[in-house]
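Heads up: the structure comes next, in structure tokens.
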Amino acid sequence: MEIDLTTPALLFSAISLIMLAYTNRFLSYAQLVRTLKEQYVENPSSVKAAQIANLRKRLYLTRAMQVTGIGSLLLCVVSMFVMYIQLYIASVYIFGLALILLIISLTISVYEIYISVKALEIHLNDMGE
């Protein structure tokens with residue numbers, strides 16, 4: 001397979017948009033943590049404890065998504081540099097690793113969405129009781 005210098009660059013915009021979405025998700029979780037902490041301190045309950053446990057797991061997953069996304073972007077840049085210094089075979093493998101990291105990041109994101117739905121189910125069940 002042959003790739004040129006622009007092939008890894010094609011992922012820059014996609015990864016940048018994904019990282020923006022991950023950052024927005026993280027910021028909303030930070031706000032939710034602050035709110036839940038205040039509510040839990042005022043009125044501890046098993047529902048709030050379950051939400052906090054769920055949120056903790058989601059925060060760790062978001063961190064993993066961000067780290068693998070940034071790793072993917074970094075390896076795209078390294079791949080471009082290695083290609084620039086004319087080590088084409090190495091650049092193809094580095095770019096392949098960047099793609100694998102991006103796949104891992106997106107897979108974690110899908111799992112995190114599944115857990116987010118569970119958090120909403122906890123909240124809805126509490127409202128229904």
Side-chain angles (χ1 to χ4, degrees):
M1 174 180 162
E2 289 190 29
I3 61 174
D4 62 9
L5 200 56
T6 60
T7 305
L10 291 174
L11 286 183
F12 283 7
S13 60
I15 294 173
S16 297
L17 288 174
I18 290 169
M19 293 306 298
L20 182 62
Y22 292 169
T23 300
N24 287 338
R25 191 177 295 176
F26 180 79
L27 292 174
S28 67
Y29 290 162
Q31 181 61 39
L32 188 56
V33 165
R34 291 180 187 99
T35 304
L36 266 176
K37 181 186 177 205
E38 290 173 8
Q39 291 175 359
Y40 187 78
V41 167
E42 290 175 9
N43 184 20
S45 72
S46 61
V47 172
K48 286 187 183 78
Q51 288 175 333
I52 290 168
N54 183 286
L55 189 56
R56 178 175 281 119
K57 187 184 297 185
R58 289 161 57 194
L59 281 169
Y60 289 136
L61 288 172
T62 301
R63 178 180 61 189
M65 292 172 352
Q66 289 176 320
V67 167
T68 53
I70 290 168
S72 177
L73 183 61
L74 178 64
L75 287 179
C76 281
V77 173
V78 170
S79 174
M80 290 173 65
F81 176 73
V82 171
M83 200 176 303
Y84 177 75
I85 60 174
Q86 298 181 351
L87 297 173
Y88 296 110
I89 299 297
S91 70
V92 169
Y93 287 112
I94 293 170
F95 181 64
L97 187 56
L99 291 176
I100 290 170
L101 285 178
L102 184 58
I103 290 168
I104 291 169
S105 179
L106 294 172
T107 303
I108 295 169
S109 179
V110 169
Y111 180 60
E112 192 277 331
I113 290 169
Y114 174 77
I115 292 175
S116 296
V117 169
K118 284 199 169 265
L120 291 174
E121 287 175 359
I122 291 170
H123 192 65
L124 289 173
N125 288 339
D126 183 44
M127 288 173 32
E129 294 176 356

The complete set of salt bridge (Lys or Arg N to Asp or Glu O under 4.0 Å) pairs with one or both residues in residues 12-26, sequence neighbours excluded, reads R25-E112
If you take all heavy atoms of N54 and A119, which pair is closest and at what distance?
OD1-CB, 3.3 Å
Decide if atom OH of Y60 counts as having more than 12 heavy atoms of other residues, nucleotides or ligands within a radius under 6.0 Å.
no
Rounded to the nearest 0.5 Å, the CG atom of L106 sits from the CE atom of M65 at a distance of 9.0 Å
Spatial distance of atom OG1 (T62) from atom CG (N24) [nearest 0.5 Å]:
11.5 Å
For the CZ atom of F95 and the CG atom of L10, what is their distance to the nearest 0.5 Å?
7.5 Å
Once you round to the nearest 0.5 Å, how far does NZ of K57 lie from OG of S116?
11.0 Å
Distance check, rounded to the nearest 0.5 Å: R56 atom CZ versus L61 atom CG?
13.0 Å
Tabulate below the donor-acceptor pairs under 3.5 Å that side-chain atoms of residues 31-44 make, not counting sequence neighbours, or state none.
| unit_1 | atom_1 | unit_2 | atom_2 | d |
| --- | --- | --- | --- | --- |
| R34 | NH1 | A30 | O | 3.3 |
| T35 | OG1 | Q31 | O | 3.0 |

Going from CG on L102 to CG on L11, what distance comes out if it is rounded to the nearest 0.5 angstrom?
6.0 Å
side-chain contact (heavy atoms from CB on, under 4.5 Å) partner of Y111, chosen from I108, I115, I113:
I115
Identify every side-chain donor-acceptor pair in residues 70-94 under 3.5 Å, counting partners at least two apart or on other chains, and give the distances.
| unit_1 | atom_1 | unit_2 | atom_2 | d |
| --- | --- | --- | --- | --- |
| S72 | OG | A98 | O | 2.8 |
| S79 | OG | S91 | O | 2.9 |
| S91 | OG | Y88 | O | 2.7 |

Taking every non-hydrogen atom, the tightest pair across S105 and T68
CB-OG1, 3.0 Å
